Amino acid sequence: MLNLKVVREHPEVVQAALEKRHTSAPLGELLQLDEERRRLLSEVESLRAQRNQVSQQLGRQKERPPELIAAMREVGERIKELDGRVAALDAGIERLLLYLPNIPEESVPVGADESENVVVRRWGTPRGFHFEPRAHWDLGEALGIVDFPRGAKIAGARSWVLKGDGARLNRALIAFMLDLHTRQHGYAEVATPYLVKPECMVGTGQFPKFVDEAYTVCSDELVLIPTAEVPVTNLYRDEILAPGVLPIYHVCHSACFRREAGAAGRDTRGLIRVHQFDKVELVKLVEPASSDDELERLVDDAEEVLRALELPHQVKLLCTGDLGFASARTYDPEVWMPGQGRYVEISSCSNFLDFQARRASIRYRPAAGARPEFVHTLNGSGLAVGRTLAAVLEYYQQPDGSVVVPPVLRPYLSGQEVIRPPAS
RNA sequence: GGAGGGGUGGCCGAGCGGUUGAUGGCAGUUGUCUUGAAAACAACCAGGUGGUGAGCCUCGGGGGUUCGAAUCCCUCCCCCUCCGCCA
């Protein structure tokens with residue numbers, strides 16, 4: 001959520017941001033409601049001041065002039081009427097404000113869509129193959145470690161079942177990532193609910209605009225999380241963090257649930273775009289002055305997983321047209337998937353500045369006795385586990401259909417070096 | 001699911017219709033004293049809006065009664081205890 005004061009005083013900045021994002025919002029209507037609200041507010045406040053003063057006076061003295069009480073009754077009725085109008089305006093302003101996207105940072109490249117994202121670096125050179133590399137869905141099914149037909153049978157399209165070494169590899173990846181981030185990068189591990197209240201989704205920016213992309217449990221008015229970013233960031237909602245507790249770094253493994261509405265026809269096969277997947281998420285709450293640096297280190301922490309797995313990858317800086325609603329700056333690490341012949345997004349690391357903190361009301365006290373200020377929040381996948389599993393299968397495949405286990409994962413698989421097809 | 005108890009400032013805990021946004025204690029900040037620390041003493045010490053002003057709002061949320069509500073009424077939410085069920 002943007003600071004209403006900024007919107008009021010610099011509407012041209014907000015308008016420019018909307019244009020750079022190739023989107024629109026009823027900014028004029030918002031400003032009009034705000035002006036009206038401020039006008040009524042000053043009127044109702046002076047009436048209230050008058051009533052408070054008279055009531056206090058009546059409490060102090062013995063005689064209660066009936067005409068004064070009658071006059072105050074009328075003032076009270078007028079206050080009630082104005083209060084109603086202010087409340088209606090409040091609701092309207094709040095709603096419009098919740099639909100305004102974040103303002104991209106100055107250094108974010110301006111562009112219309114994903115084709116104008118900028119590759120900022122590449123790591124590693126994809127190895128050559130003496131044979132035609134297979135897609136992970138073919139490999140996985142041939143190895144007997146992934147079962148898409150049965151996934152579809154029990155949960156519909158875009159579902160999967162991992163079996164045997166596939167399930168073990170998934171588990172190994174999760175454990176490896178959690179260990180790396182807790183031991184090497186200083187993140188504190190948390191495990192949080194997968195079902196959250198809708199206000200958490202508002203807090204991180206998914207709601208109200210993107211309700212169609214989430215699964216909601218209507219009977220209990222809860223929402224299945226699309227990412228652990230939601231519960232982990234909201235851990236601190238409505239709090240004022242004491243001096244010295246920032247920065248907070250959390251890592252959290254969770255299942256993630258996405259309806260993928262509007263993605264019909266895209267990545268229909270395999271593990272790339274599914275309704276449920278595991279993800280290890282990195283979340284940071286920091287002081288505003290450090291959030292730029294913190295984002296760079298966050299991306300590096302995510303990339304470290306790919307470097308450790310020796311998977312070639314590149315990092316893209318998203319342009320304004322492809323930037324997420326709540327983000328001011330986003331880097332997308334993309335892994336090379338030889339079976340696809342392309343780089344595939346495997347993480348997304350964003351700095352939200354105080355956008356989420358305002359929505360979720362997460363503040364900190366810079367020093368004892370100082371006024372509370374909004375924190376800056378950041379998060380990024382470190383990494384999406386299903387896609388990482390797919391990338392490992394495709395990149396480490398051998399001509400006979402077996403898959404070499406990346407050395408760094410072997411301790412998590414009882415030393416196993418190769419995943420082989422079932423003996424036939 | 002059934003029965004009972006309870007939600008007040010960072011924490012504990014008063015208030016139960018009238019200068020109470022809120023007594024007191026603890027914690028915290030600053031100052032005096034001290035070589036330093038402790039102790040003692042003094043001041044400050046909830047959030048929002050506003051200009052670190054006045055004013056206004058907030059005692060779990062919402063609504064009502066009243067000139068006036070933390071205090072009375074209605075309603076919803078949450079927490080705790082016991083019973084039932086359950087991994």
Side-chain angles (χ1 to χ4, degrees), chain A residues 1-10 30-31 33-98 191-203 207 216-223 231 234-246 248 254-255 285 354-375:
Chain A
M1 188 156 66
L2 298 178
N3 184 349
L4 180 56
K5 201 192 247 176
V6 169
V7 178
R8 178 160 61 225
E9 287 166 10
H10 304 285
L30 173 61
L31 292 168
L33 293 183
D34 176 54
E35 197 186 321
E36 172 82 357
R37 190 191 88 103
R38 280 154 57 84
R39 217 192 67 233
L40 291 181
L41 205 56
S42 75
E43 186 181 347
V44 74
E45 277 189 8
S46 67
L47 286 175
R48 229 191 284 271
Q50 184 190 346
R51 184 180 66 177
N52 287 349
Q53 197 190 349
V54 171
S55 293
Q56 266 184 19
Q57 188 191 333
L58 285 173
R60 254 171 291 161
Q61 48 194 13
K62 271 150 254 137
E63 72 270 28
R64 303 272 149 82
E67 67 276 8
L68 201 51
I69 287 178
M72 285 307 106
R73 184 179 292 134
E74 265 178 49
V75 169
E77 275 158 19
R78 176 76 177 142
I79 287 172
K80 189 181 271 183
E81 182 204 329
L82 289 174
D83 268 346
R85 289 167 63 188
V86 170
L89 289 165
D90 275 342
I93 289 165
E94 169 85 353
R95 196 181 59 81
L96 292 177
L97 216 44
L98 287 176
T192 56
Y194 293 180
L195 280 168
V196 296
K197 297 180 182 183
E199 50 263 42
C200 292
M201 296 285 279
V202 174
F207 282 9
T216 56
V217 182
C218 301
S219 54
D220 293 295
E221 293 178 336
L222 291 170
V223 184
N234 278 282
L235 239 30
Y236 302 99
R237 73 176 300 120
D238 296 323
E239 289 194 26
I240 298 170
L241 302 167
V245 316
L246 294 181
I248 291 171
S254 84
L285 286 81
D354 64 4
F355 189 84
Q356 293 182 325
R358 277 180 194 282
R359 290 178 160 240
S361 188
I362 305 171
R363 291 170 293 170
Y364 76 106
R365 214 179 286 281
R371 281 197 151 196
E373 288 178 24
F374 289 107
V375 304

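In this text, all values refer to a predicted model and were calculated from it rather than measured experimentally. Proteins get letters first, then strands, A, B, ... in listed order; numbering begins at 1 in each.
- For the pair A/Tyr364/A/Val245, no side-chain contact is recorded, criterion being any heavy-atom separation below 4.5 Å from C-beta on.
- Rounded to whole Å, atom P of B/C56 lies 18 Å from atom CG of A/Leu40.
- With rounding to whole Å, A/Leu41 atom CG is found 17 Å from B/G48 atom P.
- With a cut-off of 3.5 Å on both pairing distances, the Watson-Crick or G-U wobble partner of B/A40 is B/U32.
- Comparing the C1' positions of B/G60 and B/C41 gives an interatomic distance of 39 Å, to the nearest angstrom.
- For the OP1/OP2 pair of B/G68 and a distance below 4.0 Å, the side-chain nitrogens and oxygens of A/Arg51 include at least one atom meeting the criterion.
- Of all nucleotides present, none satisfies the Watson-Crick or G-U wobble test against B/A54 with each distance under 3.5 Å.
- Between A/Arg37 and B/U49 there is no side-chain polar atom (N or O) within less than 4.0 angstrom of OP1 or OP2.
- For B/G18, its base never sits under 3.5 Å from the side chain of A/Gln56 at any donor and acceptor pair.
- A straight line from CG of A/Leu82 to P of B/C57 spans 14 Å, rounded to a whole angstrom.
- Dashed line: the shortest gap from a side-chain N or O of A/Lys80 to OP1 or OP2 of B/U65 is under 4.0 Å.
- In this model, the phosphate group of B/C56 is approached by a side-chain N or O of A/Asn52 to a distance below 4.0 Å at OP1 or OP2.
- Taking atom P in both B/C59 and B/G10, one finds a spacing of 14 Å when rounded to whole Å.
- Comparing B/G64 with B/G7, their P atoms sit 25 Å apart, to the nearest whole Å.
- A gap of 13 Å separates the P atoms of B/A38 and B/G31, to the nearest Å.
- As the counterpart of B/G68, no nucleotide is assigned, since no Watson-Crick or G-U wobble pattern has both distances under 3.5 Å.
- Distance, A/Gln53 CD to B/A54 P: 15 Å, rounded to whole Å.
- For A/Arg371, whose side chain is taken as the heavy atoms from C-beta onward, the closest listed nucleotide among B/C67, B/U52, B/A46 is B/U52.
- Distance check on atom P: B/G63 versus B/U71 gives 14 Å, rounded to whole Å.
- In this structure, A/Ala370 and A/Glu45 both approach RNA chain B, and ranking their closest nucleotides by distance from the 5' end singles out A/Ala370.
- Within a 6.0 Å radius of CD in A/Glu35, no more than 12 heavy atoms belonging to other residues, nucleotides or ligands are found.
- The side chain of A/Ala49 lies closest to B/G55 when the candidates are B/G47, B/G28, B/G55.
- Taking atom C1' on both B/C12 and B/G2, the two are 33 Å apart, rounded to the nearest angstrom.
- With a 4.5 Å cut-off on side-chain heavy atoms, A/Leu58 and A/Val54 count as touching.
- Nucleotides B/C26 and B/U34, compared at atom C1', are 25 Å apart to the nearest Å.
- Atom CD1 of A/Ile79 is separated from atom P of B/C57 by 8 Å (rounded to the nearest Å).
- Nearest nucleotide to the side chain of A/Ser55, out of B/U29, B/G18, B/G64: B/G18.
- In this structure, CZ of A/Arg38 is placed 15 Å from C1' of B/G55, rounded to the nearest angstrom.
- Salt-bridge annotation for A/Arg363 and A/Asp354: absent, with no side-chain N of the basic residue lying under 4.0 Å from a carboxylate O of the acidic one.
- Within the structure, a side-chain polar atom (N or O) of A/Arg363 is placed less than 4.0 Å from OP1 or OP2 of B/G48.
- Side-chain atoms of A/Arg51 never come within 3.5 Å of backbone atoms of A/Met72 as a donor-acceptor pair (strictly under, hydrogens ignored).
- When distances run from any side-chain atom of A/Pro372 to the nucleotides B/G47, B/G28, B/C56, the shortest one goes to B/G47.
- Dashed line: the shortest gap from a side-chain N or O of A/Arg73 to OP1 or OP2 of B/C67 is under 4.0 Å.
- Nucleotide B/G10 forms a Watson-Crick or G-U wobble pair with B/C26, both donor-acceptor distances falling under 3.5 Å.
- In terms of modelled atom types and a separation under 3.5 Å, the side chain of A/Ser361 and the main chain of A/Arg358 share no donor-acceptor contact.
- Between the CZ atom of A/Arg48 and the P atom of B/A69 there is a distance of 10 Å, given to the nearest Å.
- Rounded to whole Å, the C1' atom of B/C44 lies 24 Å from the corresponding atom of B/C57.
- When heavy atoms are screened at a 4.0 angstrom cut-off, A/Lys197 is found touching no nucleic acid atom at all.
- Using the Watson-Crick or G-U wobble rule with both distances under 3.5 Å, B/G1 pairs with B/C83.
- A/Arg237 contributes a side-chain N or O that, together with a main-chain N or O of A/Glu199, makes up a donor-acceptor pair within less than 3.5 Å.
- Rounded to an integer number of Å, the gap from NZ of A/Lys5 to C1' of B/U49 is 9 Å.
- A salt bridge does not link A/Arg48 to A/Glu45: none of the charged side-chain nitrogens sits closer than 4.0 Å to a carboxylate oxygen.
- In terms of position on RNA chain B, the residue among A/Leu58 and A/Gln50 whose nearest nucleotide sits closer to the 5' end is A/Gln50.
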